[in-house]
Amino acid sequence: MLDITLIREKPDWVKDQLRKLNDEAAVARIDKILELDQRRRALLTEVEQLKALRNNLSKATGQLRGNKKLEVGVKHATAQAVIAALEADDYQKAQGFFENPPQHGNSATEAEFQETMNTLFARLGGLGDKITALDEQVRGVEEAFYEEQLWVPNMPHASVPVADSDEANIAHPVQGEIRKFDFKAQPHWELGPALGIIDFERGVKIAGTRFYILAGMGARLQRALINFLLDELTTLWNFEELYVPLMVKREAMYGSGQFPKFVDTSYPLADLDMYMLPTAEVAIANMLSGEILDEASLPRNYVGHTPCFRQEKMSAGRDVRGIKRVHQFEKVEMFKLASQDTSYDEMEKMMQIAESMIAKLEIPYRRLEIVTGDLGFTATKKFDIEMWAPGCEEWLEVSSISNTEDFQARRANIKYRPSDGGKAKFVHMLNGSCLGIPRTVIAIMENYQTADGAIVIPNVLRPYLGGQEIIEPKG
RNA sequence: GGAAGGAUGGCUGAGCGGUUUAAAGCGGCGGUCUUGAAAACCGUUGUGGCGUUAUACGUCACCGGGGGUUCGAAUCCCUCUCCUUCCGCCA
């Protein structure tokens, strides 16, 4: 969610940014938002004035009734004067009578005074009805106002290259050696079944297309990789490991920005209003919602390993072979909450961490700087890290590192108290994979394959596999 | 799954339909005193929205969430969530 003050003060600038993101629909929403904002503020001013009056009049009425110092006659005369003012819709004047009661009372009895008070209560009811009606209008306008804002993406950082499509993303130099093969490198969807470590047919049999089973050393290799990554992150890089719910409430999906725009890519649970986790980011981003953190506790580094569940409707028919794009996959996710001054430094650190893992796995990789047209909904700036897969002959996105600045923090309402004691500010929230597991498995299989279809296990993973060095065909 | 009791500011805890602003204590912050500290004393203390002459002032909302009753709700009613205790079941 954007800061409404920004939209109010620089609407044209905001629209320009949205055009860089190719989001014409959001551009149209800006005028709608401004209009709703105006209506909302006008209504608020009106209803709050009435509420202030009601508060004063109700309080004064109660005090008059219980007042033991004034004679009944004076109280009765006051009530009558107030009633007359209310009938003329002159609330200020009514208030004045409470503050300065008439000098001389009449000869009313206690019973007559109570009777008159009941009339006074009834007159105040009219004010209450007006307030109720206005409150309803306010509620309607605010709902529409909020709903519109939910569809507006984050603003790109000034440093993000402006371009329309992902084809313009800027590739940084390749790190590591791209291996030269003296035989035809096979794709993992050939290697896996031949070695008996990936079973596509039986995965599809039980769950449908884009599901698969890892078997034997395939499953163990995945588990070794996950353990390697978690161990590095927790012991070397000071990340706190989290085990999180794999199903989350609807609010969580809104908080991290998946909803409302990407409802279609989620797996809802029938009748429960809960959703299968599309990424650990959703769970971790919402974990601290509504809280105010101490600046001294920032940055907070979290790592969560979870399965991720995605419908992948957007890419129906694409990447259907192998385990590159599937409905359920493992991911080790880094998540940071940082102060506003440090978030881009923290972003750079996250990239270096992810790259250090890939370097240790000894797989060639490169950084990809994402242009405006490919930024996505929540990020101000994004880098992908890609591994080379010589079998399918493509660069595989194994990590995507985003700074969302305060966009998610506004939705989830997470702030920090600055060390100098000033007003609470929204935290900056960053997320980045380290790493996407199936694609890393693909890269390992294809880079480490031998001429006879075996797979050498990367050095750093061997301790996790009882020292085993190679996965060989059976028999 | 059943029964009962709860949920109040950073924390403890009073208030249970109107008697100035949610009492009091603890903690935090600032100050006085002190060579320094402690103690004591004084002052101060949350979040969000709206308005304005905008580090300030005014105003509205917030006592677990939502809805209702009422002229007026922390207080009464409904509902949901969570917590505690007891019973049942259980990896």
Side-chain angles (χ1 to χ4, degrees), chain A residues 1 3-9 33-34 36-70 75 78-80 82-83 85-87 89 91-92 94-95 97-99 113-143 145-146 149 245 248-252 254-255 271-274 286-297 406 409-427:
Chain A
M1 199 114 86
D3 185 354
I4 182 62
T5 318
L6 179 68
I7 298 178
R8 210 182 273 156
E9 287 172 4
I33 289 168
L34 286 170
L36 287 165
D37 183 43
Q38 282 224 314
R39 276 178 60 200
R40 168 175 161 270
R41 288 194 286 166
L43 283 169
L44 277 178
T45 306
E46 194 180 347
V47 74
E48 281 176 8
Q49 278 172 359
L50 289 181
K51 281 185 180 174
L53 266 171
R54 181 179 67 182
N55 287 347
N56 287 331
L57 290 171
S58 282
K59 194 180 289 177
T61 305
Q63 281 164 13
L64 178 67
R65 195 178 64 170
N67 195 321
K68 296 197 172 75
K69 286 175 190 160
L70 286 179
K75 293 201 284 186
T78 307
Q80 283 182 322
V82 170
I83 289 167
L86 288 178
E87 281 174 350
D89 270 339
Y91 298 113
Q92 297 299 339
Q95 187 67 37
F97 284 124
F98 280 122
E99 281 154 19
F113 171 59
Q114 291 304 332
E115 186 71 19
T116 306
M117 286 308 287
N118 287 337
T119 310
L120 176 49
F121 288 144
R123 289 289 172 275
L124 284 171
L127 187 55
D129 292 342
K130 279 186 195 170
I131 289 171
T132 307
L134 277 171
D135 266 342
E136 249 160 63
Q137 280 189 57
V138 169
R139 196 193 304 193
V141 170
E142 287 199 324
E143 225 166 79
F145 177 60
Y146 185 69
Q149 290 180 78
V248 295
K249 295 181 188 176
R250 177 193 297 265
E251 300 100 89
Y254 275 98
D271 304 328
L272 279 180
D273 203 20
M274 290 186 84
N286 287 280
M287 182 173 84
L288 299 168
S289 72
E291 299 190 28
I292 299 175
L293 316 171
D294 285 330
E295 184 172 11
S297 77
D406 62 4
R410 281 178 194 281
R411 291 189 172 218
N413 188 22
I414 305 173
K415 298 183 173 177
Y416 66 97
R417 177 86 51 201
S419 300
D420 62 21
K423 267 188 75 164
K425 296 175 175 172
F426 286 107
V427 293

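As the structure is a computational prediction, the values presented were derived from the model and not from experiment.
The shortest distance between the side-chain N/O atoms of A/Arg8 and the OP1/OP2 oxygens of B/C50 is below 4.0 Å.
The shortest side-chain heavy-atom distance between A/Leu86 and A/Leu120 falls under the 4.5 Å cut-off.
Across all strands shown, B/A7 forms a Watson-Crick or G-U wobble pair, both distances under 3.5 Å, with B/U81. B/C63 is unpaired under the criterion used here, namely a Watson-Crick or G-U wobble arrangement in which both key atom distances are under 3.5 Å. Within the shown strands, nothing qualifies as a pairing partner of B/A54 under the Watson-Crick or G-U definition with both distances less than 3.5 Å. Pair assignment for B/C76 gives B/G68, based on Watson-Crick or G-U wobble hydrogen-bonding distances that are each under 3.5 Å. The pairing partner recorded for B/G17 is none, the criterion being a Watson-Crick or G-U wobble arrangement whose two distances lie under 3.5 angstrom. Of all nucleotides present, only B/G2 satisfies the Watson-Crick or G-U wobble test against B/C86, with each distance under 3.5 Å. Of the nucleotides present, none pairs with B/A39 by Watson-Crick or G-U wobble criteria with both distances under 3.5 Å. Nucleotide B/U44 forms a Watson-Crick or G-U wobble pair with B/G28, both donor-acceptor distances falling under 3.5 Å.
Rounded to an integer number of Å, the gap from A/Leu293 CG to B/G46 P is 18 Å. Atom-to-atom, CD1 of A/Ile83 to C1' of B/C71 comes out at 12 Å; the value is rounded to the nearest Å. Atom-to-atom, CG of A/Asp294 to C1' of B/G27 comes out at 14 Å; the value is rounded to the nearest Å. Whole-Å rounding puts the A/Phe145 CZ to B/G49 P distance at 11 Å. Note: NZ (A/Lys59) to P (B/U19) measures 7 Å, nearest angstrom. Spacing between atom CE of A/Met274 and atom P of B/U81 amounts to 13 Å, rounded to whole angstrom units. Whole-Å rounding puts the A/Arg417 CZ to B/C29 C1' distance at 12 Å. The CG-P distance, from A/Asp406 to B/G48, rounds to 13 Å in whole Å.
Of the charged side-chain nitrogens involved, at least one lies within less than 4.0 Å of a carboxylate oxygen, so that A/Arg41 and A/Asp37 count as a salt-bridged pair. In this structure, A/Asp135 pairs ionically with A/Lys51, as a charged nitrogen and a carboxylate oxygen lie closer than 4.0 Å.
Between B/G28 and B/U8, the distance separating the two P atoms is 22 Å to the nearest Å. Taking atom C1' on both nucleotides, B/C76 is separated from B/A24 by 27 Å, rounded to a whole Å. As rounded to the nearest Å, B/U34 and B/A38 have P atoms that lie 15 Å from one another. Comparing B/C82 with B/U44, their P atoms are spaced 41 Å from each other, to the whole Å. B/U45 and B/G10 are spaced 10 Å apart, taking the C1' atom of each and rounding to whole Å. Across B/A7 and B/C33, the matching P atoms stand 45 Å from one another, rounded to whole Å. Using atom C1' as the reference point in both B/U70 and B/A74, the two lie 16 Å apart (nearest Å). Taking atom C1' in both B/A3 and B/C77, the straight-line distance is 22 Å, to the nearest Å.
Across residues 116-127 of chain A, A/Phe121, A/Leu124, A/Gly125 each have a non-hydrogen atom less than 4.0 Å from an atom of RNA chain B (numbered order).
Nearest approach of A/Leu36 to A/Val141, heavy atoms of both residues: O-CG1, 3.6 Å. When all heavy atoms of A/Arg8 and A/Leu34 are compared, the pair lying nearest together is CA-CD2, 3.8 Å. Shortest non-hydrogen contact noted between A/Ala424 and A/Arg417 is N-NH1, 3.8 Å.
From A/Met1, atom CE reaches atom CZ of A/Arg411 across 6.5 Å, with rounding to the nearest 0.5 Å. Put simply, CG on A/Asn56 and OG1 on A/Thr61 are 10.0 Å apart, with the number rounded to the nearest 0.5 Å.
Here A/Thr61 lies out of heavy-atom contact (under 4.0 Å) with every strand.
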When every nucleotide of nucleotides 55-68 of chain B is labelled 5' to 3' by its protein contacts under 4.0 Å (heavy atoms), B for base, S for sugar-phosphate only, - for none, what sequence of letters results? ----SSS-----S-
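Both A/Leu57 and A/Arg41 lie close to RNA chain B; mapped to their nearest nucleotides by heavy-atom distance, the more 5′-ward contact belongs to A/Leu57.
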Just list the side-chain donor-acceptor pairs under 3.5 Å for residues 288-297 of chain A, sequence neighbours left out, or say none.
from, atom 1, to, atom 2, distance (Å)
A/Ser289, OG, A/Asn286, O, 3.4
A/Glu295, OE1, A/Ser419, N, 2.6
A/Glu295, OE1, A/Ser419, OG, 3.3
A/Ser297, OG, A/Asp294, O, 2.8
A/Ser297, OG, A/Arg300, NE, 3.2
A/Ser297, OG, A/Arg300, NH2, 3.2

